[in-house]
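Below: one structure, written as structure tokens.
Throughout, protein chains are lettered first and strands after them, A, B, ... in sequence-line order, and every chain is numbered starting at 1.
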2 protein chains.
Amino acid sequence: MAAIDTASLFADVEPASSRRLLQAALDAFAARGYRATTTRDIARRAGLSPAGVYVHFGSKADLLGAISRVGHDTILRMSEQAIAQGEDPGDRLSRFVRTFAAWHAAHHGVARVIQYELRELTPAAFEEARERRRRFDEIVQAELRRGNETGVFAVADVAGTALAILSLCIDVARWYGTAPRRSPAAIGDLYADLVLRMVRSGGELDEDA
Amino acid sequence: MAAIDTASLFADVEPASSRRLLQAALDAFAARGYRATTTRDIARRAGLSPAGVYVHFGSKADLLGAISRVGHDTILRMSEQAIAQGEDPGDRLSRFVRTFAAWHAAHHGVARVIQYELRELTPAAFEEARERRRRFDEIVQAELRRGNETGVFAVADVAGTALAILSLCIDVARWYGTAPRRSPAAIGDLYADLVLRMVRSGGELDEDA
DNA sequence: GTCTATAACCAGATAGAC
DNA sequence: GTCTATCTGGTTATAGAC
């Protein structure tokens, strides 16, 4: 099972001031929201003067855009690696859900920013995010169709079920930290179990149940 | 099946200016977020001058608090009515999910405000919201336990599964309007089906599946 | 690259006339 | 209850010295 990446998202960003600014912006956006965060907050957290931000980034929105790009790329890459390790559709979907859900718990800070601040992105950055997000939908839909074909899944509404699966995992970022704490891995395991129950064959409900 | 309430949340608020301000604030908060909304936006949408807001409400936060109270009360009442109409745990949980999920689609504006602007509430309003929100958790957990007792459900992790069920439905408010449009009722039906698959007995997975 | 100082603007909220 | 006018303070971003 793939371990959850614990290194900072920005570990290889140079120079150090840019890296500290990205981390400071991420922390502030996650804690208080993009709009409620001031560039002074970010500068202070990064140990710079208010003007220091603009040496490294053109605007507050640029910082958000950079976080969005790195965040989306990271979870997309992790998801693709996780699913590639599975053999059959059940195994592959299960690995995807475990990784995707656990990431939203372990990295609920970044996750909150990339999932809930989309409307604050510039049009260009929004389009960039939208492209990557479509990939997640394609990944899950493809796996559901494959499972339907081999007969291990019985998913009547592939698009709706894929949306529900992603939605379930994404929302972890919202509640994580408020509900009684569970480890990201425990959430991943629980969710993989729940999702497999939702999709596999033999689970059709009677109409009058 | 209970029809989704389509009347305005604030239909019986008097005077008319207060009602218009609440609706204006709701529309603005839903569309652009609480922090990105100015009191001038709200006043203009309500057909008042910027100062007109403060005749009826003490602050922008008061408007949010009022929306949160009415929103939480509305969906809580609808949920309790829906579940009361069911006979057995499967039926009751199914009715709850249909109503709760469909409401988050049909009223994704209010839903977004009450689900994603919690941190903007005053401490008093936050506590009020938290009490009501605990009720949803109790409702679902109680039904899961009842189903376990009668043997129709086989839920190993009641707290975690209840959280997942609520989470799945709440997240409808986030994506509704971005994904290809489905009717709120269709979402309610799909989600009730998915949730029943998740919880009922006979659905346990092999460890090495 | 970093700082201090500041420009230019916009926010929430209030005063006081009508 | 509603308005116009305004107060007060905070916001993003820039200028220019070091």
Practice task
Could you please name the option among D/dA13, C/dA5, D/dG1 that lies closest to any side-chain atom of A/Lys60?
Solution key: D/dA13
Handout entry: Interatomic distance, B/Glu120 CD vs C/dG12 P [rounded to whole Å]
Key = 12 Å
Problem - No-H, no-angle donor-acceptor pair, A/Arg40 side chain to D/dG10 base, under 3.5 Å - result: no
Exercise for the section: Report which part of the nucleic acid B/Ser18 touches: base, sugar-phosphate, or nothing (heavy-atom distance under 4.0 Å, all strands). Expected result: nothing
Practice task
Round to the nearest Å and state the distance from B/His56 atom NE2 to C/dA13 atom P.
Solution key: 16 Å
Handout entry: Test item: side-chain donor near acceptor, B/Asp91 and B/Ser94, under 3.5 Å
Key = no
Problem - A/Glu131/A/Arg134 ion pair, N-O < 4.0 Å - result: no
Problem - Any donor-acceptor pair under 3.5 Å from B/His107 side chain to B/His104 backbone - result: no
Problem - Atom-to-atom span, CZ of A/Phe57 to P of D/dT14 - whole angstrom - result: 15 Å
Problem - Atom-pair distance (CG on B/Leu21; C1' on C/dA13), nearest Å - result: 15 Å
Practice task
Scan B/Ser49 against the nucleic acid and name what it touches under 4.0 Å (heavy atoms): base, sugar-phosphate only, or nothing.
Solution key: base
Problem - side-chain N/O B/Thr38 vs C/dC10 OP1/OP2, d < 4.0 Å - result: no
Exercise for the section: Using whole Å, report how far CG of B/Asp41 lies from P of C/dA11. Expected result: 7 Å
Exercise for the section: Output yes when at least one side-chain N/O atom of B/Tyr54 is less than 4.0 Å from OP1 or OP2 of C/dA13, else no. Expected result: yes
Handout entry: Residue A/Leu48, side-chain heavy atoms: nucleotide from C/dA13, C/dT14, C/dC3 that is nearest
Key = C/dC3
Handout entry: Nucleotide nearest B/Ser17 (side chain, heavy atoms from C-beta), chosen from C/dT4, D/dT2, C/dA15
Key = D/dT2
Exercise for the section: Examine A/Arg181 relative to A/Tyr176 and say whether NZ or CZ is less than 6.0 Å from the centre of the six-membered ring and inside a 45° cone about the ring axis. Expected result: yes
Practice task
Respond yes when some side-chain nitrogen or oxygen of A/Thr39 is under 4.0 Å from OP1 or OP2 of D/dT12, and no when none is.
Solution key: yes
Exercise for the section: Using whole Å, report how far CZ of B/Arg35 lies from P of D/dT12. Expected result: 11 Å
Practice task
Starting from C1' on D/dT12, measure out to OH on A/Tyr34 and report it in whole angstrom.
Solution key: 10 Å
Exercise for the section: Rounded to the nearest 0.5 Å, what's the gap from CZ on B/Phe96 to CD on B/Gln85? Could you check? Expected result: 14.0 Å
Handout entry: Interatomic distance where CZ belongs to B/Arg44 and P belongs to D/dT4 [whole Å]
Key = 14 Å
